Amino acid sequence: MSVKKKYRVLLAVLAAAVLLCGGGVVYYHGEWWFPALYAMRRLEAPDLNELTLDGARLWTLEELVAQENVTLSNNLLLVNASHPLPEGYTPELIEYNGAKMHPLMRDPYVAMRDDIQARTGVRIYVASDYRTPEEQQEILNSSEEGIAAPLGCSEHEAGLALDVYAPYHAGINVLRSRAGRLLPRVCADYGYIIRYPFGKEEITGISYEPWHVRYVGVPHAEIMTDAGLTMEEYVEALTPGTWYQSGKYQIARLSADALRLPVDFTHCDISPDNTGYYIVTVEL
Ligand SMILES: [Zn+2]
């Protein structure tokens with residue numbers, strides 16, 4: 001081999017090594033590439049097809065929640081800077097592994113965590129759960145503006161959100177772990193959403209938080225995630241008084257004095273949305 005040829009081979013090997021190392025470094029820093037790549041995924045139109053009810057019965061809220069097959073909870077409460085928690089709001093909480101959360105959230109959280117661990121070999125943990133107003137104030141005092149929600153406007157105070165981390169990777173660095181990158185792809189299956197997505201900061205008022213998951217329940221989480229809607233956009237997309245079909249569910253956003261529901265339902269979930277309406281989710 002001539003000296004010139006040897007020199008070329010050496011250069012090629014060096015270039016390959018630099019590319020490989022560089023690629024490895026970039027891949028490790030999931031927080032650099034993952035958000036934009038995930039935001040560019042193919043989105044679907046919201047799975048909400050307008051529906052005319054065959055027959056309907058008008059209920060009062062008291063009558064409805066007294067039914068055995070009706071569950072009243074706060075899973076669809078919109079909480080943000082312009083929709084603070086209702087005065088005197090007392091969250092319904094249970095404790096799991098030291099983390100306080102709404103009772104509806106525990107089983108789906110455990111199933112989601114186990115699914116992520118089975119698929120990536122990495123377990124996620126809860127870094128922050130329910131916060132008292134005092135704890136939220138402390139966080140506000142110690143963080144820059146726009147990072148934490150104002151007092152009374154945090155989903156943590158509602159007991160409906162969890163901040164998660166993977167071992168050695170907390171905050172934005174959760175995206176350096178495969179578990180953190182799988183989270184936005186599977187959370188909707190368990191009724192959770194990434195509440196503050198990348199590129200939607202102007203709508204949510206909160207910067208991108210890939211670690212903050214909010215429980216809204218199925219099928220709402222799936223509709224929002226598949227269509228790339230924030231919770232603000234989702235609530236807005238539900239025209240008050242209109243019924244929608246979404247898979248096996250029927251959904252409507254109704255005022256308390258116009259709770260017109262399908263006649264024969266097997267189960268009904270009802271939650272105030274904090275904009276003056278109730279979101280009703282019915283299975284026939
Ligand atoms: Zn959070």
Side-chain angles (χ1 to χ4, degrees), residues 30-31 34-35 38 74-85 89 91-102 104-106 108-110 112-113 116 123-167 169-177 179-184 186-188 190-217 220-221 224-225 229-232 234 274:
E31 77 277 17
F34 181 79
Y38 183 71
N74 287 311
N75 58 309
L76 285 161
L77 209 61
L78 178 66
V79 184
N80 59 26
S82 45
H83 298 89
L85 285 169
Y89 177 86
E92 213 185 315
L93 298 168
I94 51 156
E95 202 164 322
Y96 172 71
N97 270 357
K100 290 197 182 91
M101 60 185 84
H102 191 283
L104 284 177
M105 295 165 63
R106 184 191 52 197
Y109 175 75
V110 171
M112 174 171 75
R113 180 201 64 193
I116 289 174
R123 194 177 179 89
I124 55 166
Y125 296 88
V126 175
S128 185
D129 51 329
Y130 165 68
R131 288 179 204 149
T132 63
E134 294 72 30
E135 286 165 341
Q136 183 65 17
Q137 186 59 56
E138 257 175 53
I139 288 177
L140 275 167
N141 294 345
S142 61
S143 58
E144 284 173 51
E145 211 179 320
I147 302 284
L151 196 62
C153 302
S154 166
E155 296 185 331
H156 288 284
E157 290 175 78
L160 292 166
L162 299 170
D163 291 344
V164 300
Y165 70 98
H169 299 305
I172 192 75
N173 291 337
V174 75
L175 296 177
R176 292 185 187 181
S177 77
R181 297 195 295 267
L182 186 61
L183 181 67
V186 297
C187 63
Y190 301 96
Y192 284 87
I193 55 167
I194 300 292
R195 178 66 177 89
Y196 307 118
F198 179 77
K200 297 273 189 165
E201 293 82 356
E202 291 215 343
I203 297 167
T204 62
I206 302 281
S207 46
Y208 176 48
E209 291 194 354
W211 61 87
H212 176 112
V213 287
R214 155 73 194 260
Y215 184 77
V216 290
H220 310 282
M224 285 184 235
T225 304
L229 298 179
T230 61
M231 193 163 179
E232 283 81 4
Y234 179 63
N274 210 17

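Order of appearance sets the numbers: ligands from 1, and atoms from 1 within every ligand. Model, not experiment: these values are computed from the prediction.
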Side-chain donor-acceptor contact under 3.5 Å, His220 with Tyr234: yes
With the Zn ion (ligand 1) as the apex, the ND1/NE2 angle for His212 and His156 - to 10°: 100°
Note, Ile206 side chain near Glu155 side chain (heavy atom, < 4.5 Å): no
Side chain to side chain contact (heavy atoms under 4.5 Å, CB included) against Ile139, all qualifying residues, sequence neighbours excluded: Arg131, Ser143, Ala148
Residues in side chain to side chain contact (heavy atoms under 4.5 Å, CB included) contact with Gln137, at least two apart in sequence or another chain: Leu140, Asn141, Leu151
Glu209 near the Zn ion (ligand 1) via N/O/S, less than 2.8 Å: no
Atom of Asp163 nearest the Zn ion (ligand 1) (restricted to N/O/S, atom name only): OD1
